[in-house]
Every structure is written in C-alpha cells, then in structure tokens.
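Note sheet for the following structure.
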Amino acid sequence: AAALRYLGPGYRFLTVLYADGPVRSGVLHGNLVLYGTGDPTFGLDTAALAPFADSVVRAGIRRVRGDVIGDASFLGAELRGPGWDPDDFDRPWAAPAAALGAAENRIRIRVTPAARAGQPATVEVEPANDYYHVSSAVITARRGSLGAISLRRGRARGVVEVFGAIAVGSSPWNGWVVVDEPAVYAAGMLRRLLAARGVEVSGATRSVSDAAEARAQQMLRRSSFRGDPFRGAIAVRRSEPLEQIVTMINHRSHNLSAELVLRSIGRMVSSSGTFASGARAVARFLVDSVGIHPDQVLVSDGSGLSLLDQATPRSLVQLLAWMHGARGGETFVRSLPLMGEGPRRRLAHTEAAGRVRAKTGTLDRVSALAGYVTAANGEELAFAVIANDTPSIAHARRTQDSLAVMLARLSREVPRRGRATPRR
C-alpha cells in the first residue's frame with residue numbers, strides 16, 4: 001500500500017550495465033559494472049542476465065581487461081532486517097536483500113539416489129554457479145531404509161557440504177543455501193554467461209555497496225547532466241510496473257521482493273535505502289495518511305520476518321478500508337488473491353468462493369487472514385483475523401474460513417453512505 005502511494009503504480013526499477021573504460025579492437029580497457037536499483041523481478045531467476053551478456057557481444061567486446069563488478073550501492077550494504085531471527089539466516093525465505101541479486105539469492109541442491117545401494121548419490125546444483133562449490137558425501141542406501149541428508153557450510157569459504165544417505169527408489173531430496181553476497185553472485189552469473197559467449201575476463205569478480213565507491217552512480221549522474229541518463233550504457237532493463245510487482249508479492253508472499261520494495265521506498269523518499277528509512281516512511285504513511293494510531297502498528301521490515309513487527313487486526317482493517325476508497329486504491333484491491341477460484345482452492349465450494357480477496361500470513365504458531373469480502377447483500381466488508389501462539393495452524397485457518405463464509409452470507413439493510421468505503 002505504501003509503495004503504491006509513494007512510488008506510484010507505474011514505477012519501474014532499473015538495472016544498467018556499464019563499461020567504465022574505452023573499447024579498442026574488441027578489448028575493454030576497464031571494468032564491466034552491473035548496477036542494480038532493487039528490481040525484485042531481475043533477481044527472480046538468471047534469465048534476466050542473458051540479454052546483458054548478449055549486449056556485451058553486440059558492443060563488440062571480446063575481452064575485458066578489468067573486473068566484473070556487481071554494484072549494489074543504490075540501497076547500501078544492509079542485507080538483513082532488524083529483528084530477524086539468526087536461525088532463519090540460511091532459510092530460503094530469508095535470503096538477503098540487496099539492490100542487485102540473481103536467482104532469488106539462493107541455490108538449490110538436489111540429491112538423487114543411484115540405482116544400487118552403496119553407490120554415491122547424484123548431486124545437482126541449480127543454478128550452476130561459481131559462488132559455491134558443493135562437496136558431497138551422500139551414499140545410496142538399500143531400498144526401504146530410512147535415509148537422512150544434512151547440509152552445512154564448509155570450513156573453507158565458498159564450500160557447502162552435503163552428507164548422509166538416501167534410499168534406492170526415493171524421490172529426490174532438495175535443500176537450499178542462501179548467498180551472503182548477492183551482488184557478487186549476480187556478477188559471477190554474468191561472467192559465466194560471458195564465458196559461454198566467448199568473452200574473456202582477465203580481472204576478478206567483486207561487488208560495490210558503498211555509494212562513495214560506486215562508479216555506476218557517478219556515470220549515471222554525469223550522463224543525466226547531458227540529457228541522457230543512460231548515455232554510454234551497454235544495456236538497460238526496466239522492470240514491469242510496480243502494480244504488477246505488488247500483485248506478485250501478495251500472491252506469492254515473496255519476502256525478498258517485499259524487502260526490496262520497502263527499501264526502495266526509503267531510497268526514493270529520503271535518499272537512504274536502509275531498512276530503517278523505508279520503515280519510517282511506511283509508518284508515516286500509516287499514521288499520517290491512513291490515521292492509524294501509532295500504538296497500533298510497529299514497522300521494522302517489509303516482509304514481516306522481523307520479531308519486532310507488530311500490528312493489530314484493527315489497524316489492518318483501517319488500512320484496508322482507507323485503501324478501498326483512496327484514489328488508485330483499486331490497484332491495491334486487485335493485487336489481493338481471489339479465494340476459491342483458479343489455483344486458489346481455499347474457500348472453494350462455499351458461499352465465499354469468488355467473493356473474498358485476502359492475503360494470508362503464516363509464521364511459527366501464527367496464522368492470519370485479512371482482506372475484503374462481498375456480502376450476500378452486495379455490501380463490501382473489510383476484515384482481519386490474527387491467531388497468535390496457536391497450537392494448530394490448520395485449526396486457525398478453519399476458524400478464519402468460517403468467519404469469511406459468515407461474512408459472505410451477511411444480508412442486512414445497508415444505510416446509504418456518501419463514500420464507497422467498506423464497513424468494518
């Protein structure tokens with residue numbers, strides 16, 4: 001909601017590739033600099049990097065005398081939010097957020113048993129990369145036995161160890177490991193793509209996160225003075241508009257994208273891409289614009305992973321009601337999943353199917369559901385349910401669903417109102 005308010009539904013993130021030196025006879029006498037501004041869609045997979053590598057070839061570059069640099073200075077050096085549980089740092093849903101990244105800043109390790117017991121299992125890494133080396137000591141056990149596989153970071157930098165046993169005929173085992181340097185990871189992926197196209201790089205693969213050292217920001221400012229902000233760029237990628245990204249976040253509960261959007265708000269509002277800057281801007285929107293009492297909400301990050309985050313159901317309903325009547329609020333309303341139809345089978349075959357747009361929320365022993373429901377009489381209602389410290393997530397969801405159905409069945413005389421704002 002705050003992103004749509006501050007940045008606008010048409011806002012697009014940029015990723016730019018520069019050469020910071022001259023090109024003579026196919027040789028770049030300088031570095032390749034990949035500059036990110038926090039585009040959530042760029043970091044979802046590695047496919048977005050391929051056009052950049054193609055652009056290098058089209059620019060006539062066959063050799064790079066310098067380095068491949070991932071520039072994440074737009075949002076600064078912070079990677080994890082305040083109040084994040086250290087036990088989550090290696091979890092795929094808590095991948096570090098940087099202005100430049102790739103493949104959601106994580107890799108998947110897939111272990112498949114061999115055809116016979118006693119043979120080494122097959123280990124695959126997706127995507128293929130040079131950031132981590134995977135050392136495997138997984139043995140195939142006899143059919144029907146109870147295997148167990150563990151994954152840990154090795155003692156040497158850049159090594160991941162996988163060990164244990166997997167039974168013959170078992171389904172593949174999948175594990176995840178996050179990368180600690182997303183910008184280096186993205187730069188390394190670009191370097192691999194360049195090598196596959198015959199472009200040789202003599203220098204190192206490294207990153208920049210300090211704005212004072214950011215060559216790309218200096219080039220961007222210098223070019224802007226000449227009327228073309230991307231003068232001299234090898235390639236420029238513009239993301240989908242923010243309204244589509246907001247929809248993706250609300251449908252996928254994508255933590256990494258939520259954090260990047262939060263920090264981008266801070267960067268654009270106060271020229272600082274820190275978690276704190278983004279959180280302050282969101283809190284100011286909730287209190288000053290929406291009118292939520294400061295005691296009803298505490299914002300620390302964008303995804304809700306922080307143990308410091310707090311919100312009351314009343315504050316959520318107040319935001320939902322305000323957005324429904326706000327200018328451009330229909331974009332926010334449409335971003336919420338429609339329950340009971342298509343892949344959203346929750347609430348299917350009930351009176352609430354196709355009449356509830358809502359966002360789920362799940363943490364350890366916590367379950368929530370908040371959104372809108374169209375009642376039987378056509379009345380638009382905003383609702384929020386949070387179950388804290390619940391012994392059963394499944395039971396909490398059944399309770400939420402029953403309340404949604406109850407609201408969908410509601411039929412009463414609706415008083416005339418001057419503004420089409422949902423009742424609470």
Side-chain angles (χ1 to χ4, degrees), residues 38 40 43-44 70 72 75-109 125 129 131-135 148-164 173-186 207 209-210 249 252-266 272-280 282-283 297-311 360-368 386-391 393:
L44 288 179
L75 298 181
E78 278 188 309
L79 294 177
R80 295 179 172 91
W84 285 20
D85 188 342
D87 290 340
D88 287 341
F89 284 0
D90 277 330
R91 304 294 188 181
W93 62 80
L100 177 67
E104 299 184 272
N105 300 336
R106 61 187 187 180
I107 66 169
R108 181 170 72 171
I109 299 174
V125 176
N129 66 92
Y131 188 86
Y132 279 128
H133 168 71
V134 177
S135 173
I149 299 176
S150 298
L151 183 154
R152 69 186 178 196
R153 294 176 186 265
R155 296 180 180 178
R157 178 180 172 84
V159 174
V160 175
E161 298 176 349
V162 186
F163 54 94
W173 175 91
N174 291 285
W176 297 89
V177 59
V178 303
V179 299
D180 294 325
E181 302 165 297
V184 174
Y185 183 52
S207 67
S209 58
D210 188 341
I249 293 172
R252 291 184 55 183
S253 293
H254 200 257
N255 293 339
L256 177 59
S257 296
E259 300 299 355
L260 291 173
V261 168
L262 173 96
R263 295 178 63 188
S264 297
I265 292 172
S272 173
T274 64
F275 284 90
S277 178
R280 282 194 299 269
V282 173
V297 63
L298 178 60
V299 181
S300 294
D301 66 356
S303 67
L305 282 174
S306 174
L307 301 175
L308 304 175
D309 291 321
Q310 294 183 21
T360 60
T362 307
L363 294 169
D364 185 26
R365 298 175 65 86
V366 177
S367 178
I386 302 177
N388 282 325
D389 198 26
T390 175
I393 295 293

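All of these numbers come straight from a predicted model, not from anything done at the bench.
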Between Val178 and Pro96, what is the shortest heavy-atom contact and its length? CB-CD, 4.1 Å
Apply side-chain contact (heavy atoms from CB on, under 4.5 Å) to Leu44 and Glu104, showing your working. CA-CA 5 Å; Leu44 288 179; Glu104 299 184 272; 4.1 Å; yes
Can you tell whether the side chains of Asp180 and Arg80 come within less than 4.0 Å, N to carboxylate O? yes
How close do Gly38 and Leu260 get, heavy atom to heavy atom, and via which atoms? O-CB, 3.6 Å
Residues two or more places apart in sequence or in another chain: which of them pass side chain to side chain contact (heavy atoms under 4.5 Å, CB included) with Arg108? Arg110, Glu126, Asn174, Trp176
Residue list, side-chain hydrogen bond (donor to acceptor under 3.5 Å, both in side chains) with Ser257, at least two apart or on another chain: His254
Partners meeting side chain to side chain contact (heavy atoms under 4.5 Å, CB included) with Ala283 (sequence neighbours left out): none
Going by the rule side chain to side chain contact (heavy atoms under 4.5 Å, CB included), which residues pair with Asp88 if we only count those two or more places apart in sequence or in a different chain? Asp85, Arg91, Trp93, Ala94
Tell me, please, which residues at least two apart from Tyr131 pass ring-ring contact (aromatic ring centres under 6.0 Å, His included). Tyr185
Partner set under side chain to side chain contact (heavy atoms under 4.5 Å, CB included) for Asp301, not counting sequence neighbours: Trp84, Glu259, Phe275, Ser303, Leu305, Ser306, Asp309
Kindly determine whether Val125 and Tyr132 satisfy side-chain contact (heavy atoms from CB on, under 4.5 Å), including the steps that lead there. CA-CA 9 Å; Val125 176; Tyr132 279 128; over 6 Å; no
Give, for atom CG of Leu100 and atom OG of Ser209, the distance between the pair rounded to the nearest 0.5 Å. 11.5 Å
